[in-house]
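Before any comments, here is the structure.
Numbering starts at 1 and runs along the sequence shown. These figures come from a predicted structure and were not determined experimentally. The basis for the numbers below is simple: all heavy atoms, side chains too, and nothing from hydrogens, waters or symmetry mates.
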Amino acid sequence: MKTNRMKLATRLIHAGEPQQPFAGAVSMPIFQSSTFLATEGTPYHDLKYIRLNNTPNHQVLHAKLAALENAPAALVTASGMAAITTTLLTLLKPGDHFLAQDCLYGGTLDFISQDLAGLGIACDFIDYRRPETWKDKLRPGTRAIYVETITNPLMQIIDLEEVVRFAKRHGLISVVDNTFASPVNFRPAEKGFDLSLHSCTKYLNGHSDIVAGAVIGRQDLVEAVRRKLNHLGGSLDPHACFLLQRGLKTLAVRMEHHNRTAMVLAQFLADHPAVEKVNYPGLARDPHHNLATRLLDGCSGMLSFAVRGGKQQAAAFIQALEIPLCAPSLGGVESLITRPAATSHAGMSPEQREAAGIKDQLVRVSAGLEDPADLVADFRQALEKVF
Ligand code: PLP
């Protein structure tokens with residue numbers, strides 16, 4: 001079936017699926033075989049072997065993921081971090097330099113500042129609000145620019161079109177971590193990004209039951225990452241491939257619900273007297289609203305807000321909730337809630353958090369697929385209990 005002219009919801013279900021279903025199976029079977037028959041002389045990278053990420057389960061996923069973002073190629077990896085680390089290690093060698101947005105996922109930030117720095121790969125951070133200053137950070141050895149579609153935990157949006165223009169003007173490879181937006185809300189290749197990375201652990205799988213990642217984009221770059229991954233070994237297990245493929249089929253309907261629920265919650269919180277500030281680009285009063293309207297098809301299910309008071313009030317509020325589960329991660333069917341100062345950003349000093357705008361009373365929510373009215377009622381009762 002030729003799906004390239006079909007809408008995303010159709011591509012999610014049919015793109016990449018075998019032309020001839022195996023044994024007539026409507027659902028892709030799991031190929032739980034580490035190795036496959038080979039003919040003499042098959043080159044190493046073309047042997048079929050789970051670590052080489054090329055079993056039938058991987059191949060279906062690669063075609064489906066590329067189709068979702070209208071990109072030439074895709075590769076699945078053992079985790080989002082495997083996608084990020086393998087990509088950066090492919091693009092950069094000792095002595096190289098790259099630019100990265102100043103607010104990144106903590107694991108990425110640690111990898112850049114500890115591991116890459118240790119290998120002699122330097123990074124300068126750019127202020128997402130001031131594209132006119134990015135040029136000052138360029139060096140003769142600058143090779144790439146790395147950003148995120150929507151940042152954690154303040155839901156900031158960099159001008160993604162400007163990132164691509166800047167990269168093209170200066171001969172840099174542009175890379176975006178598209179985890180928070182998902183391909184339903186943003187498709188980086190359509191805007192000219194060279195590579196898009198995902199923690200498929202989140203929205204793409206959507207059920208909080210696997211860890212997986214993806215690299216999507218230019219054929220030559222994905223192929224280079226694949227070769228590096230074959231050596232580093234961050235391959236996805238076939239059973240996790242099966243679960244990811246199953247999860248992907250419902251991504252469009254899930255994202256629509258996540259987008260809508262987060263908007264309903266953001267509106268409720270923005271009008272509540274116990275809430276100081278809400279960070280959700282879908283809100284007309286949010287400073288990133290114009291960029292979000294121009295660049296994204298939806299603002300995802302992620303939002304954060306600061307309650308009045310401090311750490312105690314925020315912790316008591318989380319404790320008083322009945323529906324959201326207090327756990328890290330995001331993008332699952334169940335709503336999840338955390339206090340970033342105590343979880344994802346606990347590694348930063350209080351001064352660093354203060355400078356980044358991450359207050360002790362900031363609460364981050366991954367809106368799940370529960371009925372939005374039930375979530376609003378639960379948030380209302382918890383706020384009433386504490387304030
Ligand atoms: N990128 C973002 C934006 C994330 O939030 C995360 C994890 O929370 C990752 C990457 C890493 O993904 P994983 O946990 O699948 O390795």
Checklist entry - Going through the distances and angles, do Asp194 and Ser174 end up as a side-chain hydrogen bond (donor to acceptor under 3.5 Å, both in side chains)? => result CA-CA 5 Å; Asp194 295 310; Ser174 51; 3.2 Å; yes
Item to check | Chi angles and distances behind the side-chain hydrogen bond (donor to acceptor under 3.5 Å, both in side chains) call for Thr151, Gln101 | outcome: CA-CA 9 Å; Thr151 66; Gln101 191 172 350; 5.1 Å; no
Checklist entry - Would Ile323 and Asp374 count as a side chain to side chain contact (heavy atoms under 4.5 Å, CB included) if you check the C-alpha gap in whole Å, the side-chain angles of each, and the deciding distance to 0.1 Å? => result CA-CA 8 Å; Ile323 298 175; Asp374 287 332; 3.9 Å; yes
Item to check | side chain to side chain contact (heavy atoms under 4.5 Å, CB included) assessment of Ser300 paired with Asn259 | outcome: CA-CA 5 Å; Ser300 101; Asn259 287 346; 4.3 Å; yes
Checklist entry - Could you go step by step and tell me if Asn152 and Arg364 meet the side-chain hydrogen bond (donor to acceptor under 3.5 Å, both in side chains) rule? => result CA-CA 9 Å; Asn152 175 31; Arg364 188 192 84 169; 3.0 Å; yes
Checklist entry - Going through the checks in order, is the side chain to side chain contact (heavy atoms under 4.5 Å, CB included) test met by Thr55 and Lys48? => result CA-CA 6 Å; Thr55 74; Lys48 267 204 194 315; 5.8 Å; no
Checklist entry - Are Asp177 and His198 close enough, and set up right, to give a side-chain hydrogen bond (donor to acceptor under 3.5 Å, both in side chains), and what steps lead you there? => result CA-CA 6 Å; Asp177 181 332; His198 284 274; 5.8 Å; no
Next on the checklist: Show, in sequence, the C-alpha distance, side-chain angles and deciding distance for Tyr128 and Asp159, and conclude whether the side chain to side chain contact (heavy atoms under 4.5 Å, CB included) test is met.
Outcome noted: CA-CA 8 Å; Tyr128 85 101; Asp159 187 338; over 6 Å; no
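The closest donor-acceptor contact from the side chain of Lys137 to the backbone of Ile126 lies at 3.5 Å or more, if one exists at all. Counting only distance, with no hydrogens or angles, the side chain of Arg254 and the backbone of Val333 share no donor-acceptor pair below 3.5 Å. Judged by distance alone, the side chain of Thr10 and the main-chain N or O of Met6 form no donor-acceptor pair under 3.5 Å. Listed for the Thr42 side chain is a donor-acceptor partner under 3.5 Å among the backbone atoms of Thr39. For the pair Asp96 (side chain) and Leu92 (backbone), a donor-acceptor distance under 3.5 Å is absent. Although no hydrogens or angles enter the test, the distance criterion places no donor-acceptor pair under 3.5 Å between the side chain of Thr77 and the main chain of Gly234. A donor-acceptor contact shorter than 3.5 Å links the side chain of Thr250 to the backbone of Gly247.
Under the 6.0 Å cut-off for aromatic ring centres, Tyr280 and His289 do not qualify, their centroids lying 6.0 Å or more apart. For Phe305 and Phe317, the ring centers are positioned less than 6.0 Å apart.
The salt bridge (Lys or Arg N to Asp or Glu O under 4.0 Å) test applied to Asp220 returns Arg218, not counting sequence neighbours. Under the ring pair (Phe, Tyr, Trp, His ring centres under 6.0 Å) criterion, His14 pairs with no residue at all, not counting sequence neighbours.
Surrounding CD of Glu161 are more than 12 heavy atoms belonging to other residues, nucleotides or ligands, all under 6.0 Å away. Within a 6.0 Å radius of CD in Glu334, more than 12 heavy atoms belonging to other residues, nucleotides or ligands are found. Counting heavy atoms of neighbouring residues, nucleotides and ligands inside a 6.0 Å radius, atom CD of Gln319 does not exceed 12 of them. The number of heavy atoms from other shown groups lying within 6.0 Å of CZ (Arg169) is above 12. Within a 6.0 Å radius of CD in Glu256, other residues, nucleotides and ligands contribute 12 heavy atoms or fewer.
Contact record, Ser366 with Gly331: OG-N, 3.0 Å, taken as the closest heavy-atom pair. Taking all atoms of both residues into account, the shortest heavy-atom contact from Asn54 to His45 is ND2-O, 4.0 Å. The minimum heavy-atom distance between Val184 and Ala252, with the atom names listed, is CG2-CA, 4.1 Å. Taking every heavy atom of both residues into account, Leu236 and Val211 meet most closely at CD1-O, 3.6 Å. Minimum interatomic distance between Leu204 and Pro183 (heavy atoms only, all atoms of both residues): CD2-CD, 3.4 Å. The shortest non-hydrogen separation linking Lys202 to Thr179 is CG-CG2, 3.4 Å.
One side chain, His288 or Asp286, offers a donor N or O that lies under 3.5 Å from an acceptor on the other. At a cut-off of 3.5 Å, with distance as the only test, a side-chain donor of Asn178 or Glu69 sits close to an acceptor on the other residue.
A side-chain hydrogen bond (donor to acceptor under 3.5 Å, both in side chains) with Gln245 is found for exactly one of Glu17, His58, Lys64, namely Glu17.
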Expected list for residues 19-38: side-chain donor-acceptor pairs under 3.5 angstrom, two or more places apart:
from: Gln19; atom 1: OE1; to: Met1; atom 2: N; distance (Å): 3.1
from: Ser33; atom 1: OG; to: Thr35; atom 2: O; distance (Å): 2.7

